[in-house]
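So that the names make sense, note that chain A is the first sequence line, chain B the second, and so on, each numbered from 1.
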Number of protein chains: 2
Amino acid sequence: MAVTLRDVAQRAGVSIKTVSNVVHKRQYVKDSTRDIVQAAIDELGYRPNLSARSLRSGRSGVIGLALPEVRLPYFAELADSVITEAKQRGHTVLIEQTGAEPAAERELLRSPRLQLTDGLIFSPLALSQSDVGLLEVDYPLVTLGERIFDGPCDHVVMDNVAAARAATEHLLEAGCRRIAVIGAHEGEDQGSAALRLRGHQEALDAAGMPRDDRLVGYVGLWHRQDGADAMRRLLASGVEVDGVFGMNDTLALGALRALQDAGLAVPEGVKVIGFDDLEETRYTSPTLSSVDPGRMEIARTAVRVLVERIEERLAGETPAPRRQYTTSYRVVPRESTAG
Amino acid sequence: MAVTLRDVAQRAGVSIKTVSNVVHKRQYVKDSTRDIVQAAIDELGYRPNLSARSLRSGRSGVIGLALPEVRLPYFAELADSVITEAKQRGHTVLIEQTGAEPAAERELLRSPRLQLTDGLIFSPLALSQSDVGLLEVDYPLVTLGERIFDGPCDHVVMDNVAAARAATEHLLEAGCRRIAVIGAHEGEDQGSAALRLRGHQEALDAAGMPRDDRLVGYVGLWHRQDGADAMRRLLASGVEVDGVFGMNDTLALGALRALQDAGLAVPEGVKVIGFDDLEETRYTSPTLSSVDPGRMEIARTAVRVLVERIEERLAGETPAPRRQYTTSYRVVPRESTAG
DNA sequence: TTGAAAGCGCTAACAC
DNA sequence: GTGTTAGCGCTTTCAA
């Protein structure tokens, strides 16, 4: 049924090797031979069997991308960037969702499902520093984010502390004095939540402002609902608020909604800034100030580094030392912190 | 380097076949043998080579999902549902982005990149009925959406005309008399835009309301910016509007923003309804009424049908006739059409 | 410049 | 219950 190299060779009256040479556009094929073979390929509609090629050559042209959930806008935009960048480099992307489940994240790394993948870009959300040993795998791996540092693999990360600090500084400059922060994780001292909280507090400290635990909104996840709920609890507690730093845009948008429901005007009464610079922040009402985490740069770096590792491995070279790549960020002021 | 069945067999002192039987949890293996083999598997850290399995068995356990862009919220949510459903059935998902480019969509179907995929779920946005011949492929294929009907493959679709009609009826019931529709494609008589426009017009006709072309907002794409731009043009033209049907939620949210910028109150002055029931419609201000297109049902049906086709094919059965599956929709009233 | 042939790791007849 | 073995389609030495 499927057309194989052999069929093409037979049709063209040449050997398998010659057909293979033509398919791979290698030199050392006489033009006349190439034409004949190409004609046979077209007539028969030959398409290479990638499983066979992959078995033989040890590379499939597929890279894995493991993330919590694609429907979360940040990860959707990240996945888009990774897919686009991978395509650029001749790779396709297979997506694994972990649902931010610790067990799923741990199993993922040993999953046979990744076996036809040349390498993995992994954005953990539940693993912690103590799981660093799990990252010791026998395939190229690039991790993203703030869960694990100094692992045995390349790592692409942004400076969360500095970026969060910049967000809170932006609110301070806009005149806020009672700044709530939404998205903290109770009792956690690592991961994005802890780092962004630290940046927030550094900004307060530097400005000589008191830290007030009543202004810290703790949440379980970073979805819209969590942001709205945390904001409502804060408002219900009666604490005074004139600025809100949402640790990501969905939290900030949930909080924004809760503020408006409570009859508070944004930005007149309360100013709000988020984090991620999602496309939708440009269209909400008011538009949402945010921190652009350099998503494109993260995706581009991760894919580039992974592909380099894949090629290094295939060439049998001694692996270069693992590196950490820090990408840049940028505060994007919009209406929600204006005036 | 990589541990193979042979290595495990050697270590356990049995044959390759027995190891294979254990791996596949087949019967006819003595418990004691199974234990020895399992121990060898664990010790050596054996993981099956999926390329080899795939080459041999003709199935990779991977299904392709081709869509315009995952960063568009509707497709992000669809991808999430497809991945979740596929995982349920033991498959992983490889994503191809077409960018809604006609050339990319056409090439995709013949792309060798799909070769290590067992089948494809394809959501075209640029193909049209005249491309129906391209859908004649030699692998299992399920198409989604409104671009092509009566193709040579299974097709999952919702009743766009009825759903759009329901949306406009909802506005009429809320008292709207001058209803704009945002998202039409100039000169197109097929695809979602044309079908939803027809549903909208049917609702007007049934209510004895005039069709007014000045109330039709034409756009290029269905992004937020397009919705905002179209709404601004409509308002600038001076035409009176008291209701807006956005052909999808992002268009509607863009339009919402433009209305608010123009000082019009929603829902008091103008009521707005979208289409897709994105998660974010529950958190915007005001929350956005929408039409739930049964995304989960679409994903579930598409994956189920595709997997059935894959198995049918593997079993060498005569293919059952191709079918069209129509999923259900539901109007979801929220604040933007209240009152 | 082209051909012959080995073998990547696995599955599934078919033997025993 | 378990072992032997022939390929799946391809890449790649090695020879010619």
Side-chain angles (χ1 to χ4, degrees), chain A residues 1-38 40-41 44-61 112-118 138-139 313-316, chain B residues 1-38 40-41 44-61 112 115-118 138-139 313-316:
Chain A
M1 20 182 271
V3 180
T4 74
L5 272 188
R6 215 239 256 343
D7 299 329
V8 177
Q10 206 150 29
R11 171 63 151 263
V14 300
S15 82
I16 271 185
K17 177 67 198 318
T18 304
V19 180
S20 172
N21 281 340
V22 172
V23 170
H24 288 280
K25 304 194 200 311
R26 273 195 262 271
Q27 43 187 348
Y28 302 134
V29 181
K30 223 182 346 190
D31 281 356
S32 57
T33 315
R34 185 193 313 282
D35 292 345
I36 294 172
V37 171
Q38 191 56 53
I41 288 176
L44 268 44
Y46 168 76
R47 290 157 70 218
N49 179 320
L50 294 196
S51 296
R53 181 178 286 180
S54 160
L55 171 60
R56 182 62 235 222
S57 67
R59 75 197 306 278
S60 62
R113 301 153 68 85
L114 289 173
Q115 276 287 95
L116 39 68
T117 248
D118 292 336
D138 61 355
Y139 50 84
R313 185 168 191 248
L314 213 65
Chain B
M1 19 183 274
V3 181
T4 73
L5 272 189
R6 216 238 254 346
D7 299 329
V8 177
Q10 206 150 29
R11 170 63 150 262
V14 300
S15 83
I16 256 184
K17 178 67 201 313
T18 303
V19 181
S20 172
N21 281 340
V22 172
V23 170
H24 288 280
K25 304 196 199 310
R26 271 193 264 271
Q27 44 187 344
Y28 303 135
V29 181
K30 215 175 3 183
D31 280 355
S32 57
T33 315
R34 185 193 312 282
D35 292 345
I36 294 171
V37 171
Q38 189 57 53
I41 287 176
L44 268 41
Y46 169 76
R47 290 158 69 217
N49 179 319
L50 294 195
S51 297
R53 182 178 287 179
S54 159
L55 171 60
R56 181 63 238 221
S57 68
R59 76 198 305 279
S60 63
Q115 275 288 96
L116 38 69
T117 251
D118 291 337
D138 60 356
Y139 50 84
R313 187 169 190 247
L314 213 66

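- In this structure, NZ of A/K17 is placed 13 Å from P of C/dA4, rounded to the nearest angstrom.
- The listed nucleotides are C/dT1, C/dT11, C/dG3; the one nearest the side chain of B/S57 is C/dT11.
- With distances taken from any side-chain atom of A/L5 to the nucleotides C/dG9, D/dC10, C/dT11, the minimum falls on D/dC10.
- For the pair A/Y46 and A/T4, the tightest heavy-atom approach, listed with the atom from each and the gap, is CE1-C, 3.7 Å.
- Between the side chain of A/R56 and the base of C/dG7, a donor-acceptor pair under 3.5 Å is found.
- In plain terms, the two heavy atoms of B/Q115 and A/N49 that are nearest each other are NE2-CA, 3.7 Å.
- Contact between the side-chain N/O atoms of A/S20 and the OP1/OP2 oxygens of D/dT11 is found at a separation under 4.0 Å.
- As judged by a 4.0 angstrom heavy-atom cut-off over every strand, B/S51 is placed among residues making no nucleic acid contact.
- Nearest heavy-atom pair across A/R59 and A/D118 is CA-OD1, 3.2 Å.
- For A/T18, taking side-chain heavy atoms from C-beta onward, the closest of the listed nucleotides C/dT2, C/dC10, D/dT2 is C/dT2.
- In this structure, the nucleotide among C/dC10, C/dC8, D/dC10 sitting nearest to the side chain of A/L55 is C/dC8.
- Comparing C/dG3, C/dT2, D/dC10 by their nearest atom to the side chain of A/N49 picks out D/dC10.
- Nearest nucleotide to the side chain of A/T33, out of C/dT2, C/dT11, C/dC10: C/dT2.
- In this structure, A/N21 atom CG and D/dC14 atom C1' are separated by 14 Å, rounded to whole Å.
- Here the C1' atom of nucleotide C/dG3 and the CD1 atom of A/I36 are 16 Å apart, to the nearest Å.
- Comparing the end axes of the helix from C/dT1-D/dA16 to C/dC16-D/dG1, each fitted to five base pairs by superposing C1' atoms of four pairs onto the next four, gives an inter-axis angle of 30° (nearest 10 degrees).
- Note: CZ (A/R59) to C1' (D/dG9) measures 18 Å, nearest angstrom.
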